[in-house]
Amino acid sequence: MNKPLLALALAFGIASVASVQAQTPAAASPAPAINDAQIAHIAYTAGVIDVTAAKQALQKSHNKAVRAFAEEMARDHAAVNDQALALVKKLGVTPQDNPTSQSLASGAADEQNKLAALSGSAYDKAYVANEVAYHKTVNGALSGTLIPSAQNAELKSLLETGLKLFQSHQMHAEHLAQSLK
Amino acid sequence: MLRTTMLLAGLLALTGGIAPASAVGKAKPTTQAHHVHVIVIDQMQYGPMPTDVRAGDIIEWTNKDILEHSATARDGHFDVDLKPGTSGRITATAGTLAFFCKFHPTMTGTLVVK
């Protein structure tokens, strides 16, 4: 696993552990390790990162299948983030920055710099490989931490829909990675 | 009284007996209206494929997802764009209709039209 993804996994891992710790003395007050405002921020940040990566791919790649995948990522993640923004507005929640979001953003910036130095098929393979790993990690975080921790039913439902969509993205990325070998 | 009862029974026989018979007659394939078969799209999946679809029937895709999808024929015969919350239709032609979402190629469906 590359460094940014390791950082992401660690961040979510810590969140999971903290969540378990917080729930142990649950009888008194089952305060989750992360609140809905933070969860919304993490989910939104994760979407923005993938849109940014897709825009870079559309600038750099000449591979038709890779470009189609990047267009799918840009369109879908923007659409889900629009839904997320509409929901937080409706709920009167202000997404709250947090260490996991910050770790995600800095890891993504590092990855983008690495990818910027590549070109041609080396770039295509690296971009798609990162998309496989990124979706795997984000989906793991959604199912393991974010969805179980979400308190608001509508937020939980949107995250669950997002998970279905991103699992499909992961599958598409895996097929694409196979075809680029 | 008896005459009234017999008259009523006769009327019932006329309305209850003859009317359904004519309704059955209308259901024969020659005059049958074309059916509308709905395929619901939700959470990146086409729902169950309709069965017993006949040429001339309507196939309708309803997109309940939060993303834009399409029903695009593999053979290029149709390409229905489906924004979130909208529906689109085609008239079925006999054969096997294989389609996919041009925005999400992992979404596929196959329909047999008799």
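Since we're looking at a predicted model, the values are computed, not measured.
In the hydrophobic clustering, where aliphatic and aromatic side chains (Ile, Leu, Val, Met, Phe, Trp, Tyr) are joined below 4.5 Å either directly or transitively, Met171(A) stands alone. The other residues sharing a hydrophobic cluster with Val38(B) are Val36(B), Val40(B), Ile58(B), where clustering joins ILVMFWY side chains under 4.5 Å apart.
Scanning for side chain to side chain contact (heavy atoms under 4.5 Å, CB included) contacts around Ala126(A) gives Leu115(A), Leu118(A), with sequence neighbours left out.
Interatomic distance, Phe78(B) CZ to Arg89(B) CZ, rounded to the nearest 0.5 Å: 15.0 Å. Asp57(B) CG to Leu111(B) CG: the interatomic distance, rounded to the nearest 0.5 Å, is 10.0 Å.
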If the cut-off is 3.5 angstrom, what donor-acceptor pairs do you find between chain B and chain A?
{"residue": "Gln43(B)", "atom": "NE2", "partner": "Thr161(A)", "partner atom": "OG1", "Å": "3.1"}
{"residue": "His104(B)", "atom": "NE2", "partner": "Asp76(A)", "partner atom": "OD1", "Å": "3.0"}
{"residue": "His104(B)", "atom": "NE2", "partner": "Asp76(A)", "partner atom": "OD2", "Å": "2.5"}
{"residue": "Thr106(B)", "atom": "OG1", "partner": "Ser168(A)", "partner atom": "OG", "Å": "3.2"}

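Nearest heavy atoms, Leu67(B) versus Ala79(A): CD2-CB, 3.4 Å.
For chain B, the nearby part of Leu158(A) is the side chain; its heavy atoms alone come within less than 4.5 Å.
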